[in-house]
Amino acid sequence: MTRVFSGIQPTGEIHLGNYLGAIVNYVALGRALGPDAIYCIVDYHALTNPVAYDRELLAERTFEAALINMAAGLDPHSVILFAQSSVPETTELCWILTAQTPLGDLQRMTQFKDKASKLESVPAGLLMYPVLMAADILLYKADTVPVGEDQAQHLELTREIARRFNQTYGETFPEPQLYLNPQAPRVVGIDGKSKMSKSQGNTLGILEDPASVWEKIRQLPDDPARIRRSDPGDPERSVVFKFLSYFLPPETLTPLKEEYRKAGIGTLLLKELLFQEYLRFTEPIRERAAWLRAHPEEVWEALEAGAQRARKIARSTMDEVRDKVGFARLPQHARR
Ligand code: TYM
């Protein structure tokens with residue numbers, strides 16, 4: 001592993017799925033690799049969703065996403081943290097890769113099919129979404145990509161895109177590897193059914209107001225077979241236990257599961273425990289977020305410095321790519 005890249009959408013709220021599936025690894029890999037850990041707030045990607053069509057909100061959400069990543073422990077003086085739109089080379093590479101990518105490969109992406117099936121008019125950007133993602137990763141020649149399992153198919157396509165470019169123009173890009181958090185590759189939503197996701201409205205926000213978090217935890221579905229308090233339960237079917245497993249070590253969790261199987265413990269008590277653990281876990285992030293909110297210049301300066309550092313790498317890759325593709329090298333261009 002020599003260089004890590006990942007991206008996160010500025011969709012307004014960072015939830016437990018984003019945090020456990022991706023951000024935990026951003027922080028760990030950032031500590032190990034410093035400036036070779038590159039993290040991007042993907043505001044170009046966000047434009048494929050009409051909620052981003054708001055001039056004020058887009059910038060505010062980019063700020064918010066950067067702030068939460070910093071509050072979660074990313075040190076922007078060490079890693080590179082930047083907004084995607086501050087590196088326009090991304091869209092240039094995206095076009096070059098688009099030119100070679102089979103339409104059928106894009107049409108069979110499950111996220112595309114899912115999102116497109118809910119829309120009356122499908123923006124072409126939604127289809128192109130994974131090529132833009134490939135451009136992100138390849139522009140920095142990253143070999144490791146920490147993401148949740150939902151991005152695995154996009155990453156496989158990135159590998160194919162890299163391979164195709166290398167075959168056509170000569171060895172240029174490494175084929176990046178997926179890097180999952182084995183404890184939480186796919187965090188389930190509070191409905192206990194689908195993946196936790198903003199669009200499903202089933203999230204627990206990392207900075208969500210505690211009263212609202214408790215309201216959601218209180219309503220988490222229990223083992224459906226457990227109707228009365230005196231009925232034994234199966235912890236494997238309980239969403240409450242699933243969430244508890246993210247916060248408690250096995251030596252604390254195992255005796256609780258045994259009690260649950262014998263109907264020796266009530267669900268409300270487990271939910272109160274989960275709420276406490278959630279607060280304990282998110283407390284330091286909330287504190288740092290509050291401090292950063294009072295010092296917004298820290299976040300803007302981080303994004304500014306990150307943009308400069310990212311762009312330097314991006315320019316150097318694009319010089320190589322343009323040369324390999326064979327664009328005319330006019331003197332004006334060369335002096336860009
Ligand atoms: P986004 O913004 O939807 O999600 C950010 C990260 O959170 C992970 N994630 C989850 N992990 C586990 N369980 C969940 N319920 C869950 N929900 C979200 C996602 O897998 C992701 O890692 N396409 C990307 C953004 C992107 C990107 C990139 C990622 C753009 N360019 C280049 C990596 C490399 C996305 O929409 O993430």
Side-chain angles (χ1 to χ4, degrees), residues 3-27 29 37-49 51-52 61-62 64-66 68-69 72 74 80 82-85 87 90-91 93-94 97 109-112 114-115 125-126 128-159 161-162 173 176-206 239 242-243 246 310:
R3 184 171 277 163
V4 164
F5 182 95
S6 198
I8 191 160
Q9 293 207 59
T11 39
E13 183 201 42
I14 305 281
H15 55 71
L16 188 67
N18 301 134
Y19 184 78
L20 295 173
I23 299 176
V24 164
N25 279 338
Y26 298 175
V27 175
L29 293 170
I38 307 177
Y39 303 116
C40 178
I41 315 298
V42 295
D43 50 359
Y44 283 144
H45 276 100
L47 294 184
T48 59
N49 186 339
V51 295
R61 287 178 165 171
T62 299
E64 188 67 16
I68 298 193
N69 275 284
L74 273 193
I80 299 181
F82 72 105
Q84 192 181 29
S85 62
V87 181
T90 314
T91 54
L93 182 58
C94 179
L97 301 176
M109 291 290 112
T110 52
Q111 281 206 353
F112 169 71
D114 244 33
K115 289 183 182 167
L126 210 53
M128 299 301 307
Y129 187 105
V131 191
L132 184 58
M133 187 167 153
D136 277 333
I137 299 168
L138 301 181
L139 195 52
Y140 303 94
K141 300 195 176 184
D143 53 22
T144 306
V145 182
V147 279
E149 207 171 60
D150 60 329
Q151 297 300 319
Q153 195 186 32
H154 289 164
L155 198 67
E156 192 48 48
L157 184 69
T158 300
R159 294 160 59 81
I161 288 175
F173 300 119
Q177 302 292 327
L178 178 70
Y179 191 94
L180 293 174
N181 175 0
Q183 266 89 49
R186 182 183 179 277
V187 175
V188 75
I190 56 168
D191 52 1
K193 294 191 190 102
S194 30
K195 178 192 82 165
M196 184 176 284
S197 131
K198 186 97 191 291
S199 60
Q200 296 287 331
N202 63 3
T203 58
L204 277 181
I206 290 294
V239 184
K242 183 76 209 154
F243 279 110
Y246 296 134

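Residue numbers start at 1 and run along the sequence shown. Read the numbers this way: they start at 1 and go in the same order the structure lists the ligands and their atoms.
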Out of V4, L138, N18, who gets a non-hydrogen atom closest to atom 7 (O) of ligand 1? N18
For ligand 1, which is the ligand I care about here, please tell me if [X] has any N or O atom under 3.5 Å from one of the ligand's N or O atoms.
X: V42; answer: no
X: Q151; answer: yes
X: D150; answer: yes

Determine whether the side chain, the backbone, both or neither of [X] has a heavy atom under 4.0 Å from any heavy atom of ligand 1.
X: H45; answer: side chain
X: I137; answer: side chain
X: L155; answer: neither
X: P185; answer: backbone

ring-ring contact (aromatic ring centres under 6.0 Å, His included) involving F173 - partner list, sequence neighbours excluded: F165
Results of ring-ring contact (aromatic ring centres under 6.0 Å, His included) for H154 - residues two or more places apart only: Y129
Return the residue, atom name and 0.1 Å-rounded distance of the protein heavy atom closest to atom 11 (N) of ligand 1. G17 O, 3.2 Å
Would you mind checking which non-hydrogen protein atom is closest to atom 35 (C) of ligand 1, with the distance to 0.1 Å? Y129 OH, 3.4 Å
Atoms of ligand 1, numbered as shown, that sit under 4.0 Å from any heavy atom of [X]:
X: R186; value: 12 (C), 13 (N)
X: D136; value: 28 (C), 30 (C), 31 (N)
X: V147; value: 20 (O), 22 (O), 29 (C), 33 (C)
X: V145; value: 33 (C), 34 (C)

Say whether H15 and ligand 1 are in contact under the criterion: heavy-atom distance to a ligand atom below 4.0 Å. yes
Given Y44, which of D136, L132, V87 fulfils the side chain to side chain contact (heavy atoms under 4.5 Å, CB included) condition? L132
